[in-house]
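These notes concern the structure reproduced below.
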Amino acid sequence: MKIATWNINSVRARLGFLMEWLERQQPDLLCLQETKVTDEDFPRLELEAAGYRVEVFGQKSYNGVAIIAHGDLDEVSRSFSGDPLPGEARVLGATFAGIRVITVYVPNGRSVGTETYTTKLTWLDRFRKALDAGHSPKDPIFICGDWNVAPEDRDVHDPKRWRGKILCSEPEREKFRALEDWGLRDAVRLLTPDGGIYTWWDYRMSGFRRDWGLRIDHALVSEPVAAGVREATVDREARGGEKPSDHAPLVVTLE
DNA sequence: ATGGCTACTCCTAGTAGA
């Protein structure tokens with residue numbers, strides 16, 4: 001089974017790109033972030049015509065998450081208990097083939113020391129608390145999306161330049177580790193200790209061509225899922241071509 | 001090297017992203 005996550009940076013601006021990608025990759029389930037569209041205007045029909053079930057949680061202009069799957073999506077949930085940004089469409093959950101799949105678009109935080117940064121830390125705290133209240137790490141759980149955190153220096157093209165900066169600051173990394181401590185494993189790290197694996201490259205300064213990237217999109221899985229992880233690959237091909245998103249998809253293959 | 005894209009919007013210039 002193939003489960004993927006992709007910050008698409010506007011599903012409407014990249015619908016053709018998305019359809020081609022689905023055709024090529026044939027995932028069983030794909031989580032999208034930054035769809036930037038209301039539920040009403042989401043391009044549901046195109047995806048359904050391609051055989052996907054579609055669940056969306058969106059808003060105008062900003063944020064927005066979606067789950068599309070070849071198969072039933074049950075027990076759909078939006079946001080989470082204690083969400084400090086209840087008006088923002090950032091979390092969507094559904095049960096697929098017995099796995100609780102939750103997709104997240106974690107607040108960016110702008111820059112360290114700002115109010116939005118503090119809110120980002122609170123958000124991650126509250127998200128963990130909600131996990132504790134609603135789930136057990138013994139259950140099959142797959143939480144994926146744009147976490148806006150590069151967990152370690154090996155996830156950063158130039159750690160010296162990024163040290164202490166937004167996406168790489170120690171408090172953000174602590175919150176990320178707290179999720180792992182709860183009982184989640186980073187699917188990429190189950191398979192390789194290698195650095196140089198990135199999921200986002202800045203549009204500016206030809207960031208992708210120079211491979212100035214960060215690994216900020218992740219799939220965190222509970223033990224029962226971790227046991228079945230066979231592959232976790234960043235599809236860099238999707239970061240090239242005409243008008244790509246600034247993120248590449250992360251594709252996880254489960255036995 | 002703090003800029004330099006990109007996408008959004010009843011403000012096509014200002015905001016947000018990361």
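Just so we're on the same page: letters track the sequence lines, and every chain starts at 1. It should be emphasised that the depicted structure is a prediction, and the values quoted were computed from it without experimental measurement.
A donor-acceptor contact shorter than 3.5 Å links the side chain of A/Lys2 to the backbone of A/Gln25. Between the side chain of A/Gln33 and the main chain of A/Asn7, a donor-acceptor pair closer than 3.5 Å is present.
For the pair A/Trp201 CH2 and B/dT6 C1', the interatomic distance rounds to 17 Å; values are reported in whole Å. Rounded to an integer number of Å, the gap from A/Lys60 NZ to B/dT15 P is 17 Å.
Taking atom P in both B/dC8 and B/dA18, the straight-line distance is 14 Å, to the nearest Å.
Within 4.0 Å of A/Trp147, counting heavy atoms only, lies no atom of the nucleic acid at all. Within 4.0 Å (heavy atoms only), A/Arg14 reaches sugar-phosphate atoms of the nucleic acid but no base atom. Using a 4.0 Å heavy-atom criterion, one finds that A/Asp202 contacts no nucleic acid atom at all. Contacts of A/Asn63 with the nucleic acid, taken as non-hydrogen atoms under 4.0 Å apart, are absent.
In this model, the phosphate group of B/dT6 is not approached by any side-chain N or O of A/Lys36 to a distance below 4.0 Å at OP1 or OP2. Residue A/Asn9 has no polar side-chain atom (N or O) positioned under 4.0 Å from OP1 or OP2 of B/dA7.
When each of A/Thr5, A/Thr199, A/Asn148 is paired with A/Asp217, the side-chain hydrogen bond (donor to acceptor under 3.5 Å, both in side chains) condition holds for A/Thr199 and for no other.
The nearest heavy atom of DNA chain B to A/Ser10 and to A/Ile216 marks one nucleotide each, and the one closer to the 5' end goes with A/Ser10. Both A/Tyr203 and A/Glu34 lie close to DNA chain B; mapped to their nearest nucleotides by heavy-atom distance, the more 5′-ward contact belongs to A/Tyr203.
Side chain to side chain, A/Arg100 and A/Ser77 meet the donor-acceptor criterion of an N or O pair below 3.5 Å. In the model, A/Asn9 has a side-chain atom that pairs as donor or acceptor with a side-chain atom of A/Lys36 under 3.5 Å.
For the segment residues 105-114 of chain A, residues with any heavy atom less than 4.0 angstrom from an atom of DNA chain B are, sorted by number, A/Tyr105, A/Asn108, A/Arg110. Only A/Arg161, A/Lys165, A/Leu167, listed by number, bring a heavy atom of residues 157-169 of chain A to less than 4.0 angstrom from any atom of DNA chain B.
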Under the salt bridge (Lys or Arg N to Asp or Glu O under 4.0 Å) criterion, do A/Glu20 and A/Arg14 qualify, and how do the steps go?
-> CA-CA 10 Å; A/Glu20 281 174 30; A/Arg14 253 171 284 287; over 6 Å; no

